[in-house]
> 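This is the structure I want to talk about, given as structure tokens.
This structure is a prediction, so every number in the text was calculated from the model and none was measured. Numbered from 1 within each chain, the chains take letters A, B, ... in sequence-line order.
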Amino acid sequence: MKTIYTSFAEAVAEIQDGSTIMVGGFGLVGIPENLILALVDSQVKHLTVISNNCGVDDWGLGLLLKNKQIDKMIGSYVGENKEFERQVLAGELEVELTPQGTLAERIRAGGAGIPAFYTPAGVGTLIAEGEEVRVFNNKEYLLQTALKADFSLIRAAVGDHAGNLVYNKTARNFNPMMAAAGKVTIAEVEQLVEPGTIDPDHVHTPGIYVQALIEGAQEKRIERLTIRQEA
Amino acid sequence: MKTIYTSFAEAVAEIQDGSTIMVGGFGLVGIPENLILALVDSQVKHLTVISNNCGVDDWGLGLLLKNKQIDKMIGSYVGENKEFERQVLAGELEVELTPQGTLAERIRAGGAGIPAFYTPAGVGTLIAEGEEVRVFNNKEYLLQTALKADFSLIRAAVGDHAGNLVYNKTARNFNPMMAAAGKVTIAEVEQLVEPGTIDPDHVHTPGIYVQALIEGAQEKRIERLTIRQEA
Amino acid sequence: MLNQLDKALVRERIARRAEREIVSGSYVNLGIGMPTMVANYIQGGKQVVLQSENGLLGIGKSPLKEEVDPDLINAGKETVTAQEGASYFSNAESFAMIRGAHLDLAILGGMEVSETGDLANWMIPGKMIKGMGGAMDIVHGAKKIVIIMDHVNKHGTSKILKKCSLPLTGKQVVNRVITDRAVMDVEESGLVLIEIAEGWTVEEIVESTEAELKISEHLRIGTY
Amino acid sequence: MLNQLDKALVRERIARRAEREIVSGSYVNLGIGMPTMVANYIQGGKQVVLQSENGLLGIGKSPLKEEVDPDLINAGKETVTAQEGASYFSNAESFAMIRGAHLDLAILGGMEVSETGDLANWMIPGKMIKGMGGAMDIVHGAKKIVIIMDHVNKHGTSKILKKCSLPLTGKQVVNRVITDRAVMDVEESGLVLIEIAEGWTVEEIVESTEAELKISEHLRIGTY
């Protein structure tokens with residue numbers, strides 16, 4: 001029922017110069033690794049990218065950045081990447097920083113048909129400048145609008161041919177909201193299974209939100225390996 | 001870690017006259033049957049009840065209604081109950097009808113610290129009278145505010161001692177949002193298990209939202225039994 | 001009795017015509033009552049995923065007696081089953097799905113429709129108000145809203161009006177109306193008659209319709 | 001080296017004092033950096049559930065080498081494990097949990113705190129802006145916000161100010177500040193000194209604090 005790609009180049013072929021894309025992941029966890037690599041190869045330019053972070057210098061969205069394919073980045077924390085800093089200071093890259101919870105909720109709103117909502121995050125700070133402030137129950141809140149994307153590139157552990165997705169542990173992060181907020185959502189899954197394999201009560205992202213799937217092996221680079229010694 | 005009750009009377013003992021309570025369920029599916037029965041026995045009065053429906057004459061919230069314990073009902077569809085009609089026409093019961101999706105989202109907002117949001121449902125209708133209308137992207141939306149409750153009475157299939165809940169099929173319905181929107185949430189579970197039994201990826205309601213649990217056997221009355229004959 | 005049988009046949013006719021609105025591969029919400037019947041007529045070859053606003057994507061057939069699960073119902077509170085590839089979710093997620101325009105089509109019942117696409121289907125002043133349920137959300141949700149209803153009331157008066165007399169469910173929300181007599185599209189230019197059911201003439205349809213009807217250049221007659 | 005060691009000791013002192021804020025049975029978010037260290041000092045008898053804003057309730061110990069799962073990290077992007085009774089969820093659910101005031105306590109780092117409870121901890125004008133991450137949400141979320149930080153900067157200038165000089169993370173959001181020298185509460189009446197660390201006197205604290213400090217009637221000295 002869904003488009004099942006076998007080539008990552010084909011999977012991203014419809015993404016054009018100037019597209020707005022959402023990319024799942026928190027740090028390097030839960031990012032659609034091969035879709036990002038294919039996007040680098042596609043040389044598509046002038047992208048607006050919505051993602052919590054922007055990868056590291058040599059992996060994830062950092063690769064798109066190094067290749068100067070991103071015009072504008074909307075995220076909450078972009079500090080792991082030296083090339084990012086260089087491009088911002090050189091005026092080559094526009095950045096919109098938004099509190100992480102506001103980012104998550106704006107994306108959820110985009111998928112849920114909620115055009116705007118109020119949140120306390122950012123009241124009385126720089127990011128409230130020019131924004132509408134409103135009082136509910138004696139507390140100030142900022143009006144925030146929904147975010148949508150032309151394409152959402154997300155990653156899941158398991159996907160079925162009906163588009164249902166299941167995520168693994170903290171690799172869930174922004175992926176479910178982005179799945180719903182993309183006009184076209186392409187899911188890179190570690191394992192593609194037949195419908196009926198996933199218990200309907202365990203589905204994290206219902207198939208309706210996903211337009212295409214592709215199976216891909218993940219490197220899963222670790223940013224901060226922290227281990228304890230056997231006691 | 002959580003309060004585990006063994007008596008339903010004790011579980012509802014803190015609910016006082018004039019409390020606002022949310023009660024999970026859609027029709028008679030997913031309602032906390034024994035908590036409702038205990039509430040009837042408690043004779044607590046002047047309740048404001050937030051629930052999608054109001055049970056039937058002899059089961060679910062209909063029992064509270066018959067016992068005249070409800071002053072105000074907030075729901076989306078209350079048509080299965082003759083006593084309801086009688087009390088409304090007699091001016092004994094105040095009713096606030098709200099579109100089902102708006103009700104679900106207002107409850108979600110209550111639990112999520114979102115004081116208000118915009119939705120298209122109800123624009124240009126009776127329910128928009130006196131409400132704020134605002135245009136986003138050339139479309140009109142209504143401002144809707146969050147709903148919270150003093151107590152949320154919900155039902156799940158499985159709960160663990162850490163408060164994590166898993167629902168069965170369409171018995172999930174309003175229960176997860178109500179769990180988060182109640183100052184005190186009491187979960188009636190069909191099966192109480194040790195922490196570690198539920199896969200953390202399968203948890204529907206994280207334990208933080210639940211203050212107390214109680215195990216209870218359910219009758220699960222069927223409103224409209226519809227079956228097909230073997231072909 | 002004969003009258004009742006006729007009524008059942010008329011309902012079946014409407015349901016069968018409504019079924020043609022369903023494209024294979026689409027996600028559809030069917031309203032409570034007559035719209036739910038449409039599912040019985042879905043053509044074998046079509047792959048359709050039916051959404052139930054109480055939290056199910058992929059409604060299956062009615063259960064066999066031994067399959068009945070009281071925790072598994074549709075929005076009309078009838079026991080159902082789930083298709084292969086189905087998923088369950090909360091009402092908040094369900095209406096996020098609806099409001100976010102992820103459904104391709106909703107087929108709902110109507111009491112009145114206006115020529116500008118207003119819909120009234122939830123309350124009659126003076127009668128007990130049961131509530132709007134999910135209808136007010138759904139009319140703003142699915143990409144296409146099709147209303148199925150009788151063309152006239154029991155007194156023979158048109159239910160397709162210049163302006164609805166009953167309280168609205170939604171304003172300018174209807175895309176297509178299918179009655180026992182005709183199919184009409186709500187367009188920028190007004191209400192356009194595009195199909196006529198067997199046994200009716202253009203003149204009869206125009207006469208039994210209070211709303212101003214434009215006749216489509218491509219009007220088809222006797223299509224159902 | 002000695003200086004570094006001193007620094008590490010000072011950080012440990014702050015972390016150990018901050019640990020006392022954690023009540024058994026509570027849900028706690030620990031910020032990135034020094035606040036994360038607080039977890040190392042949680043007393044054995046306490047049952048604490050740590051939340052990680054990237055979508056985990058119930059952070060466990062750091063993994064053994066063979067336990068490492070690259071899909072399981074905390075908000076500082078460090079590999080972690082999950083406690084028994086943990087749950088995973090999306091960032092939207094995670095911040096619903098935070099914003100909805102379900103957490104009992106958040107312990108965060110600070111660059112500056114004002115006597116009215118304003119907090120600055122995310123950017124220094126002229127330096128590269130990395131982003132606020134979840135801090136702006138968290139300061140409005142948890143029921144109690146505790147900031148842990150150095151009392152003065154490397155030039156010996158107070159970081160506890162009448163008014164923050166750096167761009168704010170949140171306005172009037174801090175409940176308690178724990179530094180290497182003192183513990184102060186933000187109250188209606190102003191900033192109240194409630195505890196002094198070993199080796200410091202009231203006079204020294206007042207002198208090294210730009211903010212107006214009220215001295216609590218119940219001031220305790222040498223508590224950590």
> Go through A/Val123, A/Ile222, A/Asn168 and name the one with the most non-hydrogen pairs under 4.5 angstrom from chain D.
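Sorted descending by pairs with chain D, the first entry is A/Asn168.
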> With the threshold set at 4.0 Å, does a side-chain nitrogen-carboxylate oxygen contact exist between A/Arg172 and D/Glu93?
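The answer is no: the pair does not qualify as a salt bridge.
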> Are D/Glu67 and A/Arg228 ion-paired here, with the side-chain N under 4.0 Å from a carboxylate O?
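Yes, D/Glu67 and A/Arg228 are salt-bridged.
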> Between A/Glu96 and chain D, which part of the residue has a heavy atom less than 4.5 Å away: side chain, backbone, both or neither?
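Contact with chain D is absent: no heavy atom of A/Glu96 under 4.5 Å.
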> Between the side chains of A/Arg86 and A/Glu92, is the shortest nitrogen-to-carboxylate-oxygen separation below 4.0 Å, so that they form an ion pair?
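Yes, charged N to carboxylate O under 4.0 Å.
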> Just give me the residue among D/Lys61, D/Lys171, D/Arg99 that pairs up with chain A most often, heavy atom to heavy atom, under 4.5 Å.
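Heavy-atom pairs under 4.5 Å are most numerous for D/Arg99.
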> Using the rule given for side chain to side chain contact (heavy atoms under 4.5 Å, CB included), can you reason through A/Tyr209 versus A/Leu165, listing the C-alpha separation, both sets of side-chain angles and the distance that settles it, and then say yes or no?
CA-CA 10 Å; A/Tyr209 295 128; A/Leu165 303 179; over 6 Å; no
> Above 12 or not: heavy atoms from other molecules or residues under 6.0 Å from NZ of A/Lys82?
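No, not enclosed.
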> Chain D heavy atoms under 4.5 Å from A/Pro120: which part of the residue, side chain, backbone, both or neither?
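Interface part for A/Pro120: both.
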> So which residue, A/Ala128, A/Gly124, A/Ala104, A/Gly101, ends up with the most heavy-atom pairs under 4.5 Å with chain D?
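Among the listed options, the one with the most contacts to chain D is A/Gly101.
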> Heavy-atom pairs under 4.5 Å with chain A are the metric here; pick the option from D/Leu168, D/Val139, D/Asn54 that has the most.
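Greatest number of close heavy-atom pairs with chain A: D/Asn54.
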> Measure distances from A/Arg155 to the heavy atoms of chain D and classify the residue's part below 4.5 Å as side chain, backbone, both or neither.
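Only the side chain of A/Arg155 comes within 4.5 Å of chain D.
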> Could you have a look at D/Ile138, D/Thr79, D/Thr81, D/Leu56 and say which one has the most heavy-atom pairs with chain A under 4.5 angstrom?
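Counting heavy-atom pairs under 4.5 Å, the top option is D/Thr79.
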> Under the side-chain hydrogen bond (donor to acceptor under 3.5 Å, both in side chains) criterion, do D/Asn29 and D/Glu53 qualify, and how do the steps go?
CA-CA 8 Å; D/Asn29 181 292; D/Glu53 62 263 32; 3.0 Å; yes
> Heavy-atom pairs under 4.5 Å with chain A: which of D/Ala86, D/Gly76, D/Ala96 has the most?
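Heavy-atom pair counts peak at D/Gly76.
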> Name the option with the most non-hydrogen atom pairs under 4.5 Å to chain A; the candidates are D/Asp69, D/Ile98, D/Ile73, D/Leu72.
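So the answer, after comparing D/Asp69, D/Ile98, D/Ile73, D/Leu72, is D/Ile73.
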> Below 4.5 Å, heavy-atom pairs only: which of A/Lys169, A/Met177, A/Glu85 has the largest tally toward chain D?
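Between A/Lys169, A/Met177, A/Glu85, the count favours A/Lys169.
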> Is the shortest distance from a Lys or Arg side-chain nitrogen in D/Glu19 or D/Lys46 to a carboxylate oxygen in the other one below 4.0 Å?
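Salt bridge between D/Glu19 and D/Lys46, a charged N being under 4.0 Å from a carboxylate O: yes.
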> State whether a side-chain donor-acceptor pair under 3.5 Å links D/Glu112 with D/Ser165.
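Per modelled atom types, D/Glu112 and D/Ser165 side chains form a pair under 3.5 Å.
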> Is A/Glu94 salt-bridged to A/Lys72, going by a charged N under 4.0 Å from an acidic O?
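Looking at A/Glu94 and A/Lys72, the cut-off is met.
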> Most heavy-atom pairs under 4.5 angstrom with chain D, which of A/Ala171, A/Pro99, A/Pro176?
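Result: the option with the highest number of such pairs is A/Pro99.
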> Would you mind checking which part of A/Asn52 comes under 4.5 Å of any heavy atom in chain D, side chain (CB onward), backbone (N, CA, C, O), both or neither?
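A/Asn52 has no heavy atom closer than 4.5 Å to chain D.
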> Is chain D contacted by the side chain of A/Leu103, its backbone, both, or neither, given a heavy-atom distance below 4.5 Å?
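For A/Leu103, there is no contact with chain D at all, as no heavy atom is under 4.5 Å.
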> Show, in sequence, the C-alpha distance, side-chain angles and deciding distance for A/Met178 and A/Thr185, and conclude whether the side chain to side chain contact (heavy atoms under 4.5 Å, CB included) test is met.
CA-CA 8 Å; A/Met178 288 182 173; A/Thr185 291; over 6 Å; no
> When only pairs under 4.5 Å are counted, which of D/Ser94, D/Ala75, D/Ser52, D/Ala120 shares the most heavy-atom pairs with chain A?
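Winner by heavy-atom pair count: D/Ala75.
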> Can you say whether A/Leu225 sits under 4.5 Å from chain D via the side chain, the backbone, both, or neither, judging by heavy atoms?
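Contact with chain D involves both backbone and side-chain atoms of A/Leu225.
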